[in-house]
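Order of listing sets the numbers, starting from 1, for every ligand and every atom in it. Because the structure is predicted, anything quoted here is derived from the model rather than measured. Numbering starts at 1 and runs along the sequence shown. Note: hydrogens, waters and symmetry copies are ignored here, and every other heavy atom, side chains too, is used.
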Amino acid sequence: MMKRMMMLTRTVVNRFTIVQSHSLRCHSQSRRQMSMGSESLVSRLKSCGLLQTKGLIGGKWVDAYDGRTIEVHNPANGQVIASVACMGDKETKDAISAAYDAFAPWSKLTAADRSNRLRNWYNLLIQHKEELGQLITLEQGKPIKEAIGEVGYGASFIEFFAEEAKRVYGDIIPATLPDRRLFVLKQPVGVVGVVTPWNFPLAMITRKVGPALACGCTVVIKPSEFTPLTALAAAELALQSGIPPGVLNVVMGDAPKIGNSLLESPQVRKITFTGSTAIGKKLMVGAAETVKKVSLELGGNAPCIVFDDADLEVALKGSLATKFRNSGQTCVCANRILVQEGIYEKFTSAFSNAVQDLKVGNGFSEGVVQGPLINEAAVQKVDSFVQDAISKGAKVLVGGKRHSLGFTFYEPTIIGDVKNEMLIARQEVFGPVAPVIRFKTEEEAIQIANDTNAGLAAYIFTNSMKRSWRVAEALEYGIVGVNEGLVSTEVAPFGGYKQSGLGREGSKYGLDEYLEIKYVCMGNMG
Ligand code: NAP
């Protein structure tokens, strides 16, 4: 439903997008240029080849076959940044064929060769981190500092898996008969369909494509229609880095058509998806027909539990970071702040003071830490959750309405006296709203925290070591932050329990998602 509303905010037009192709010649620019108008920023990104608007199939930039394009908007001011190819099933089938043809030569390269090319890609991403950050702020809205931070985070997956490419070890199993030798080989699964959301336009791609390419898989990427430009710029840099044509393909446009083509193709051996739980479930059902492997990184409903014995400063810093990063539009955002009764007044008062000071505005403006929401549908959803909570007895402590800046800006908000039954505590608000729930005992906090179908991230703030262990073990979540609100890193496994997903990304575990295990039994060896 929400997706349909979002779709209405986009215009698909029947015309070819004209793109000039330039060799890459831009280098990191000074921060001064980030405050320039969007138009000159766009033309500079164009002139350095990082504003691609076509899909990438078999190493070639191609228009949609019927010439359709889709507009990409800047959520901070509603302006059209560019029009990109609006592709569907035909282009996706060709992208799958390109990835299929590229699979054998790519997977047969030595691990060191694949590793070097990934390392080149990492270097280029870092070299262009300011331009990529600018693209992210333009199309997604997050403050430029956060956007550049995302480039570093996103690139770190390419670096990490460039290193891991050389460590895809098998096993030798002690034989059960004297003339037998038993081996385990790990081999790439094949062509992978990669479907990603808009909230981290770069990192959600690299977290999947890094391990896939490291293992020897090839990919067809479908970025969100809201943020295709970052994905296309990263793809351009992948081409520059020596990753061969066809190994990495990008199609965007008609999501159901692209999704169905990926699901129906027997050549696609795996679907890896990050996005909403509703779409993840659809893809899981669709993948059953061809029994594809599936990895899912879905929605969360993170509890952030502040105990009476917490260090107030640490709890405040952690809660602010986990709630308000990316204006509350992350899957690991604290969705419910649970505060024990002994510290409730002190915490909410200090939290309110801090949230009142958060500067809202265009992500390119100095000092801004809260950008716009992705679109009008997102604002309406956030506001409806807030109104629902108020109508059921919750109290607005800070904010609580659209921001006077207009567009899709929403005031950083705290709501007190929230009950776990309210809509805002049952579903992901995905916006800058912190609902605070009061609790009495540790058992009650654990019960409230686990009372959800989601199980991605949870946070606890306490000075008790025993309680840290006890509660971390009791929480039904894939990720637990103890006295820390920022937990994501390429070296640790990221993923959820329950309906928050299947599989893990990042870390040594992330590689397994793209590998088949082959058992080889050799007889007559005596
Ligand atoms: P979404 O609506 O599920 O979209 C995600 C991707 O799926 C987009 O590329 C979208 O394309 C595509 N899509 C939509 N319908 C499809 C279909 N029928 N077949 C194939 N693909 C389809 O999610 P979102 O609103 O972009 O992202 C927000 C959600 O992602 C939140 O729930 C958040 O918690 C979750 N998320 C989870 C993680 C994690 O690691 N667990 C990380 C980040 C975000 P279009 O955009 O082009 O329609």
Side-chain angles (χ1 to χ4, degrees), residues 1-10 12 70 72 84-89 92 139-140 150 153-154 157 193-205 207-208 220-228 230-231 250-264 268 271-287 294-302 325-326 328-335 373-375 377-378 381 427-431 453-457 477-479 487-488 493-506 510:
M1 171 71 172
M2 187 179 160
K3 179 57 64 183
R4 294 276 71 78
M5 288 164 74
M6 286 175 168
M7 290 290 283
L8 291 176
T9 66
R10 293 282 156 138
V12 177
I70 187 164
V72 182
V84 300
C86 180
M87 299 175 143
D89 43 4
T92 307
E139 64 178 351
Q140 199 271 337
E150 183 188 338
Y153 173 59
F157 291 101
V194 174
V195 183
T196 56
W198 48 264
N199 62 343
F200 287 88
L202 181 71
M204 295 304 98
I205 291 176
R207 210 162 71 174
K208 298 172 184 309
V220 176
I221 303 167
K222 196 217 85 62
S224 168
E225 63 171 321
F226 301 111
T227 56
T230 309
V250 186
V251 288
M252 65 263 156
D254 188 327
K257 280 192 179 158
I258 295 170
N260 285 342
S261 303
L262 291 170
L263 291 170
E264 283 163 10
V268 176
I271 295 287
T272 173
F273 170 78
T274 295
S276 61
T277 307
I279 301 293
K281 286 179 183 177
K282 273 192 190 172
L283 296 181
M284 196 171 169
V285 170
V294 179
S295 291
L296 301 172
E297 293 287 350
L298 308 177
N301 181 0
R325 187 165 63 115
N326 202 6
Q329 302 172 108
T330 84
C331 51
V332 290
C333 265
N335 203 53
L373 300 191
I374 190 68
N375 57 23
K381 178 187 166 190
Q427 293 182 24
E428 261 184 318
V429 64
F430 234 58
N453 286 333
L456 187 56
Y477 288 81
I479 303 163
V487 290
S488 305
F494 190 105
Y497 281 23
K498 299 195 218 168
Q499 294 185 24
S500 283
L502 294 175
R504 292 295 180 270
E505 295 192 331

- Query: Hey, which atoms in ligand 1 end up nearer than 4.0 Å to a heavy atom of Gly259?
  - Reply: 19 (N), 20 (C)
- Does Phe430 have any ring pair (Phe, Tyr, Trp, His ring centres under 6.0 Å) partners at least two apart in sequence or in another chain, and if so, which? Trp198
- Per side chain to side chain contact (heavy atoms under 4.5 Å, CB included), Pro228 is matched among Val72, Ile70, Ile221 by Val72
- Item | Close approach, Pro223 and ligand 1, non-hydrogen under 4.0 angstrom | yes
- Message: Any nitrogen or oxygen of Thr330 lying under 3.5 Å from a nitrogen or oxygen in ligand 1? Just yes or no.
- Response: no
- Enumerated ligand 1 atoms positioned under 4.0 Å from heavy atoms of Phe494: 39 (C), 40 (O)
- Message: I'd like to know if the side chain of Ser500 reaches the main chain of Leu298, judged simply by a donor and an acceptor atom lying under 3.5 Å from each other, with no hydrogens or angles considered.
- Response: no
- Query: Just how far is it from atom CE of Met204 to atom CD of Glu505, taken to the nearest 0.5 Å?
  - Reply: 7.0 Å
- Indicate yes or no: does an N/O atom of Arg207 lie under 3.5 Å from an N/O atom of ligand 1? yes
- Query: Hey, is Leu283 touching ligand 1 through its side chain, its backbone, both or neither, going by heavy atoms under 4.0 Å?
  - Reply: side chain
- Query: Okay, side chain of Asn335, backbone of Val429: is any donor-acceptor separation there less than 3.5 Å?
  - Reply: yes
- Query: Would you say Thr274 and ligand 1 have an N/O pair spaced under 3.5 Å apart?
  - Reply: no
- Any idea which of Ala377, Cys333, Ser276 brings a heavy atom closest to atom 3 (O) of ligand 1? Ser276
- Note on the structure: Of Cys331, Ser488, Ala378, the residue with the heavy atom nearest atom 36 (N) of ligand 1 is Cys331
- Item | Proximity flag Phe200 to ligand 1, non-hydrogen atoms under 4.0 Å | no
- Message: Taking Thr227's backbone N and O only, do any of them form a donor-acceptor pair with Gln140's side chain (distance below 3.5 Å, no angle check)?
- Response: no
- Message: Suppose I only count heavy atoms of Thr196 and a 4.0 Å limit; which atoms of ligand 1 are within that range?
- Response: 6 (C), 8 (C), 9 (O)
- May I ask you to test the Asp89-Asn260 pair for a side-chain heavy-atom distance under 4.5 Å? no
- Item | Identity of the nearest option to atom 41 (N) of ligand 1, non-hydrogen atoms only, from Asn260, Leu263, Leu298, Val332 | Leu298
- Task: For ligand 1, note which part of Val195 has a heavy atom under 4.0 Å away: side chain, backbone, both or neither.
- Result: side chain
- Find all atoms of ligand 1 within a distance of less than 4.0 Å from any non-hydrogen atom belonging to Leu456, and give their numbers and elements. 41 (N)
- Would you tell me which option among Gly300, Ser224, Ser500, Pro201 has the nearest heavy-atom contact to atom 46 (O) of ligand 1? Ser224
- Item | Closest to atom 48 (O) of ligand 1 among Gln329, Lys282, Glu225, Lys257 (heavy-atom distance) | Glu225
- Side chain, backbone, both or neither: which part of Phe273 comes within less than 4.0 Å of ligand 1 when only heavy atoms are counted? side chain
- Verify whether one side chain among Thr196 and Lys208 offers a donor that lies under 3.5 Å from an acceptor in the other. no
- Message: Is it the case that the side chain of Asn199 and the backbone of Gln329 share a donor-acceptor pair, with hydrogens and angles ignored and the cut-off at 3.5 Å?
- Response: yes
- In terms of its nearest heavy atom to atom 34 (O) of ligand 1, the top option of Glu297, Glu505, Met204, Glu428 is Glu428
- Message: Would you say that Glu297 contacts Cys331 through its side chain, given a criterion of any heavy-atom pair below 4.5 Å between the two side chains?
- Response: no
- Task: State the atoms of ligand 1, each with its element, that fall below the 4.0 Å cut-off from a heavy-atom position in Asn199.
- Result: 43 (C), 44 (C)
- Please could you name the atoms of ligand 1 that Phe430 approaches to less than 4.0 Å, counting only its heavy atoms? 28 (C), 31 (C), 33 (C), 34 (O)
- May I ask you to check whether over 12 heavy atoms, not counting those of Lys257, lie within 6.0 Å of atom NZ? no
- Query: If you round to the nearest 0.5 Å, how far is CE of Met87 from CD of Glu225?
  - Reply: 15.0 Å
